Peer 1: 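Here it is, the structure in full.
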Protein chains: 2
Amino acid sequence: MSVEQPDMPELKIESGSGLQTSVEPLQLGKRLREIRQSLSLTLEEASQKTGLARSTLSKIENEQISPTFTAVQKLANGLQIDIPQLFAKPRSTMASGRRVLTKAGAGTPHPTSTYEHELLSTDLARKKMVPFKTRVRARSFNDFGDWVRHEGEEFLLVLEGELALYTEFYEPVVMSVGDSMYYDANMGHALVSLSEKDALVLWIAAR
Amino acid sequence: MSVEQPDMPELKIESGSGLQTSVEPLQLGKRLREIRQSLSLTLEEASQKTGLARSTLSKIENEQISPTFTAVQKLANGLQIDIPQLFAKPRSTMASGRRVLTKAGAGTPHPTSTYEHELLSTDLARKKMVPFKTRVRARSFNDFGDWVRHEGEEFLLVLEGELALYTEFYEPVVMSVGDSMYYDANMGHALVSLSEKDALVLWIAAR
DNA sequence: GGGAAAAGTTTCCTATAGGCTAATTTATTG
DNA sequence: CAATAAATTAGCCTATAGGAAACTTTTCCC
């Protein structure tokens, strides 16, 4: 069977359920203009360095056209821009100097059939990590429709109980209090409690 | 007094904004195909999720055409891809499917005058997060030469004892077992144990 | 192996990106 | 305010991206 993202609080910025293009306010044109100007280049100079026409650059910067990937490459190449950086978010929105305290048990609950998540530190936007405490209710691997799988990496630490971590490509591992695991979340994974009571883990996901 | 980075295991800041010269052999199409297949989606399904024609997807994956930026956005949106990551270099060195288990107490010790770090999951290269358990030995803020401060964000959870988190710009906060804190590591910070025994915290840093 | 269904590729057409030139508008500066 | 340079716009053309459907390949049953 093939369920999509059966569990886990959404890490994405969320776009409702419609198959819309909606999100991503990324203003590529604006971004490029800033970069060019910060290099104090005229459109003409930028044109020479990139091999793109002056008018084309203008149109791109004013979002009148959507550059092809090859155009973006020329841009990046000519202006010495690192492509991933070009598309990176407008720099950690978390204004320098912020912090959020979450008292024990005061997180945001987020129950599902197999897990019971308590999201810690909700109110900071655009975090690099999403931390939560999770009570593992599943008692057998069959409680899952399919692997949980998504972009990023995860770290987890067992706080209470004993459990088995099932992962794609490997044998399941038994973990006790104090044991921790770091893994690629693209790899299918799922937790099952081995003790009578639910197991409790600290779970941190990073994109 | 002013010590530089008095504590904390090195986070290692990769070639930050180094001059990114020369060409990009970046095979966008190949990359996209890998991603689609890893999600076990057919071209048709991907088409529905992204709003791009089946044929268009095929051509893009086979590098027959160079997608426009708007197309890339639709792709990223529909398949839940993070755009910067899409263009990131050699694909997270952590080959898809890796994991590392660290048994309780089996981490790499890393003692300093005020803290006693136990680094968890050492052997994975290029991780997004650096997790460690720390025993807080400091009993007063004066035990520190200066604020600890560095790039990135941190999350910490109190595992044992009671302690005070001192942060620049704010009043110190008292934290007990189960309390957690998420903060910008650029902001000066330091931990002090309030109980007789050392306090124990789980600490995770992300760049 | 043969036939059907599904996944993927290619063809053909339309929409749009990108180049060239020149005209117009918007800064700079003396 | 005049003079100049930079940026935007417009017109027109060519190259190519993206969509619809035909075609080809692969997969899977019997």
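Letters A, B, ... mirror the listed sequences (proteins, then strands); counts begin at 1. Values in this document were obtained by computation on a predicted structure and should not be read as measured data.
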Peer 1: What is the distance, to the nearest angstrom, from the CD atom on B:Glu44 to the P atom on C:dG8?
Peer 2: 10 Å
Peer 1: Under 4.0 Å from OP1 or OP2 of D:dG19: is there any side-chain N or O of B:Thr56 that close?
Peer 2: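 Checking B:Thr56 against D:dG19: at least one side-chain N or O falls below 4.0 Å of OP1 or OP2.
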Peer 1: Which pair of heavy atoms, one from A:Ser180 and one from A:Met175, lies closest together, and at what distance?
Peer 2: C-CE, 3.6 Å
Peer 1: Starting from P on D:dA6, measure out to CG on A:Leu57 and report it in whole angstrom.
Peer 2: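 Roughly 15 Å, once rounded to whole Å.
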Peer 1: Does B:Thr42 reach a base, just sugar-phosphate, or nothing at all? Heavy atoms under 4.0 Å.
Peer 2: sugar-phosphate
Peer 1: If I take atom CD in residue A:Gln73 and atom P in nucleotide C:dA17, what distance separates them, rounded to the nearest angstrom?
Peer 2: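 Distance, rounded to whole Å: 18 Å.
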Peer 1: Checking salt bridge (charged side-chain N to carboxylate O under 4.0 Å, His left out) between A:Arg54 and each of A:Glu44, A:Glu45, A:Glu61, which is the one that passes?
Peer 2: A:Glu44
Peer 1: Could you state the atom-to-atom distance from CD of B:Glu45 to C1' of C:dA6 in whole Å?
Peer 2: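 To the nearest whole Å, that distance equals 11 Å.
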Peer 1: Start with the C-alpha gap between B:Leu156 and B:Thr134, add the side-chain angles, then the distance that decides, and say whether side chain to side chain contact (heavy atoms under 4.5 Å, CB included) holds.
Peer 2: CA-CA 10 Å; B:Leu156 74 81; B:Thr134 298; over 6 Å; no
Peer 1: So, does B:Gln64 get its side chain near the phosphate of C:dT9, meaning an N or O under 4.0 Å from OP1 or OP2?
Peer 2: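 For C:dT9, OP1/OP2 do not have a side-chain N/O of B:Gln64 under 4.0 Å.
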Peer 1: Report yes if a side-chain nitrogen or oxygen of A:Ser58 is closer than 4.0 Å to either non-bridging phosphate oxygen (OP1 or OP2) of D:dA7; otherwise report no.
Peer 2: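 A:Ser58 to D:dA7 OP1/OP2: no side-chain N or O under 4.0 Å.
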Peer 1: When you check the phosphate oxygens OP1 and OP2 of D:dA7, does a side-chain N or O of A:Arg36 lie under 4.0 Å from one of them?
Peer 2: yes
Peer 1: Does C:dG8 have OP1 or OP2 under 4.0 Å away from a side-chain N or O of B:Asn62?
Peer 2: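 Looking at the OP1 and OP2 atoms of C:dG8, neither is under 4.0 Å from any side-chain N or O of B:Asn62.
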Peer 1: To the nearest Å, how far apart are B:Leu43 CG and C:dA5 P?
Peer 2: 21 Å
Peer 1: Please determine whether any donor N or O and acceptor N or O are separated by less than 3.5 Å between the side chain of A:Ser66 and the base of C:dA17.
Peer 2: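 Looking at the base of C:dA17, it does not pair with any donor or acceptor on the side chain of A:Ser66 (distance under 3.5 Å).
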Peer 1: For the OG1 atom of B:Thr68 and the CD1 atom of A:Ile65, what is their distance to the nearest 0.5 Å?
Peer 2: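 If we round to the nearest 0.5 Å, B:Thr68:OG1 and A:Ile65:CD1 are 10.5 Å apart.
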Peer 1: State whether B:Arg33 places a side-chain N or O below 4.0 Å from either non-bridging phosphate oxygen (OP1 or OP2) of C:dA7.
Peer 2: no
Peer 1: Nearest whole Å is fine: how far is D:dA5 P from A:Arg54 CZ?
Peer 2: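 A:Arg54 atom CZ is separated from D:dA5 atom P by 13 Å.
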Peer 1: Quiz question: going by heavy-atom distance under 3.5 Å, is there a donor-acceptor pair between the base of D:dG19 and the side chain of B:Lys59?
Peer 2: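 Under the 3.5 Å cut-off, the side chain and the base do form a donor-acceptor pair.
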Peer 1: Figure out the CD/P separation between A:Glu61 and D:dA7, and round it to whole Å.
Peer 2: 8 Å
Peer 1: To the nearest 0.5 Å, tell me how far A:Leu200 CG sits from A:Arg135 CZ.
Peer 2: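 Between atom CG of A:Leu200 and atom CZ of A:Arg135 there are 5.0 Å.
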Peer 1: Just how far, in rounded Å, is P of C:dG8 from CD1 of B:Ile60?
Peer 2: 15 Å
Peer 1: Nearest of C:dG18, D:dA20, C:dT21 to any side-chain atom of B:Ser55?
Peer 2: D:dA20
